[in-house]
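Data first, discussion second: the structure below is written as structure tokens.
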Amino acid sequence: MVEFLSNLQLIDARMQYINEYGTAPDLLMEDFLLLGELKVMVDKILCFSRGEITVLNNHVTWNDYYSAYTTLGVSVHSIFTKNKGSLKDYVIKSVV
């Protein structure tokens, strides 16, 4: 829960910064990665609270992220930067 709240605070600060100053494409990929991570955490907590899973763990898969981005309306194939590649490639290299 502490990690979740810390990440939520971080994404809020980044979104405020982006709103005021804009952002570089590479930083935007990191923000999308963090946003996906937050959504995955929320989804796991909700599944746990409904009794659909009995143990909360930190293991995540690409499918967890894909589901999170789909729910948020983020197209993982249309977000692309020269240095990081597609969002899908970036998530897989960074987390999964």
Side-chain angles (χ1 to χ4, degrees):
M1 188 59 116
V2 171
E3 181 183 356
F4 175 78
L5 294 173
S6 296
N7 287 344
L8 192 58
Q9 186 177 26
L10 179 60
I11 198 80
D12 179 60
R14 286 184 176 181
M15 292 300 118
Q16 288 180 24
Y17 182 88
I18 289 170
N19 189 41
E20 190 168 336
Y21 302 107
T23 189
D26 290 345
L27 292 177
L28 190 60
M29 288 294 252
E30 291 177 19
D31 292 339
F32 272 110
L33 178 66
L34 185 57
L35 180 64
E37 184 178 329
L38 287 170
K39 180 64 174 137
V40 167
M41 287 179 179
V42 167
D43 289 347
K44 285 185 175 232
I45 290 168
L46 290 174
C47 286
F48 180 77
S49 68
R50 291 189 296 254
E52 296 170 3
I53 58 174
T54 57
V55 177
L56 281 174
N57 61 44
N58 291 335
H59 177 73
V60 295
T61 65
W62 163 245
N63 287 337
D64 294 328
Y65 275 87
Y66 185 77
S67 176
Y69 289 128
T70 300
T71 302
L72 294 169
V74 174
S75 173
V76 296
H77 300 291
S78 64
I79 298 172
F80 185 88
T81 66
K82 289 181 186 178
N83 296 334
K84 305 283 185 182
S86 71
L87 179 58
K88 177 182 179 180
D89 295 339
Y90 184 67
V91 169
I92 290 172
K93 288 177 191 172
S94 300
V95 179
V96 180

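Worth saying up front: this structure is predicted, and the values here are computed from it rather than measured.
- Residues meeting the salt bridge (charged side-chain N to carboxylate O under 4.0 Å, His left out) test with Asp43, sequence neighbours left out: Lys39.
- Applying the 6.0 Å contact sphere to CD of Gln9 captures no more than 12 heavy atoms from other residues, nucleotides or ligands.
- Here the straight-line distance linking atom CD1 of Ile53 with atom CD1 of Ile45 works out to 9.5 Å at 0.5 Å rounding.
- Looking at residues two or more places apart in sequence or on another chain, you find a side-chain contact (heavy atoms from CB on, under 4.5 Å) between Asn57 and Lys44, His59.
- Among residues two or more places apart in sequence or in another chain, the side-chain contact (heavy atoms from CB on, under 4.5 Å) test is passed with Ser86 by Phe80, Lys88, Asp89.
- The minimum heavy-atom distance between Ala68 and Gly36, with the atom names listed, is CB-O, 4.0 Å.
- Side chain of Thr71 to backbone of Ser67: a donor-acceptor contact under 3.5 angstrom is found.
- The heavy-atom pair separating Tyr90 from Met29 by the smallest distance is CE2-O, 3.7 Å.
- Put simply, the side chain of Leu46 reaches to within 4.5 Å of the side chain of Val42, judged on heavy atoms.
- Ring geometry for Tyr69 against Phe32 counts as perpendicular: the plane angle is over 60°, on a 0 to 90° scale with 30° as the lower cut.
- No option in Val40, Asp64, Leu33, Thr61 other than Leu33 meets the side-chain contact (heavy atoms from CB on, under 4.5 Å) test with Val95.
- In this structure, OG in Ser94 is found 9.5 Å from CG in Leu87, a value given to the nearest 0.5 Å.
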